[in-house]
Amino acid sequence: MSRIIVVGCGGISGWLVQCLDKSKSMLSGREVVIYDRDRVTETNLDRQMFSKRDIGKNKAKCFWDKYKDSLNISFHPDMFTERSDVQNADII
């Protein structure tokens, strides 16, 4: 299966995942894999797609929780590195 890997769940990536969700019919079953080791802080709330109830939680896990019912999505709560599994990735 082909995959789309999203590195980071901050400002731009948040909008990207939302767009992928809105375009899921065009994904043809591709898995969306998100990587982020960071946690949500109050300073993220004004510019990133998180709410107060997300504070302290892993950003990648928050995205997984939000989109798991509508996208074929998985997450890694760690940093993306050259050792990360990029097999069968269409887009990183």
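Please read these numbers as outputs of a predicted model, since none were measured by experiment. Reckoned from all heavy atoms, side chains included, excluding hydrogens, waters and symmetry mates.
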On the 0 to 90° scale, with breaks at 30° and 60°, tag the H76-Y35 ring pair as parallel, tilted or perpendicular.
-> parallel
Under the side chain to side chain contact (heavy atoms under 4.5 Å, CB included) test, residues paired with I12 that sit two or more places apart = none
Which residues share a side chain to side chain donor-acceptor pair (under 3.5 Å) with T41, sequence neighbours left out | T43, N44
What residue among W64, F63, F80 forms ring-ring contact (aromatic ring centres under 6.0 Å, His included) with F75?
-> W64
Of all residues at least two apart in sequence or in a different chain, which pass the side chain to side chain contact (heavy atoms under 4.5 Å, CB included) check with K66?
-> M49
With sequence neighbours left out, the residues meeting ring-ring contact (aromatic ring centres under 6.0 Å, His included) with Y67 are none
State the CZ-CE distance between R37 and M79, to the nearest 0.5 angstrom.
-> 3.0 Å
Closest heavy-atom pair, E31 versus S74, reported as atoms and distance to 0.1 Å, is OE2-OG, 2.7 Å
Those residues that, when tested against D65, pass side chain to side chain contact (heavy atoms under 4.5 Å, CB included) (two or more places apart) = K61, K68
Pair listing, salt bridge (charged side-chain N to carboxylate O under 4.0 Å, His left out) test, anchored in residues 44-59, at least two apart = D38-K59
Sequence neighbours excluded, which residues qualify as side chain to side chain contact (heavy atoms under 4.5 Å, CB included) partners of S25?
-> none
Checking side-chain contact (heavy atoms from CB on, under 4.5 Å) for the pair L71/L27: CA distance, chi angles, key distance, verdict?
-> CA-CA 9 Å; L71 282 176; L27 295 178; 3.7 Å; yes
Measure the CD1-CD1 distance between I34 and I5 for me, rounded to the nearest 0.5 Å.
-> 12.0 Å
Got a sec, which pairs hit side chain to side chain donor-acceptor pair (under 3.5 Å) with one end in residues 10-22, sequence neighbours left out?
-> D21-K24, D21-S70
Measure the CG-CG distance between L20 and N72 for me, rounded to the nearest 0.5 Å.
-> 12.0 Å
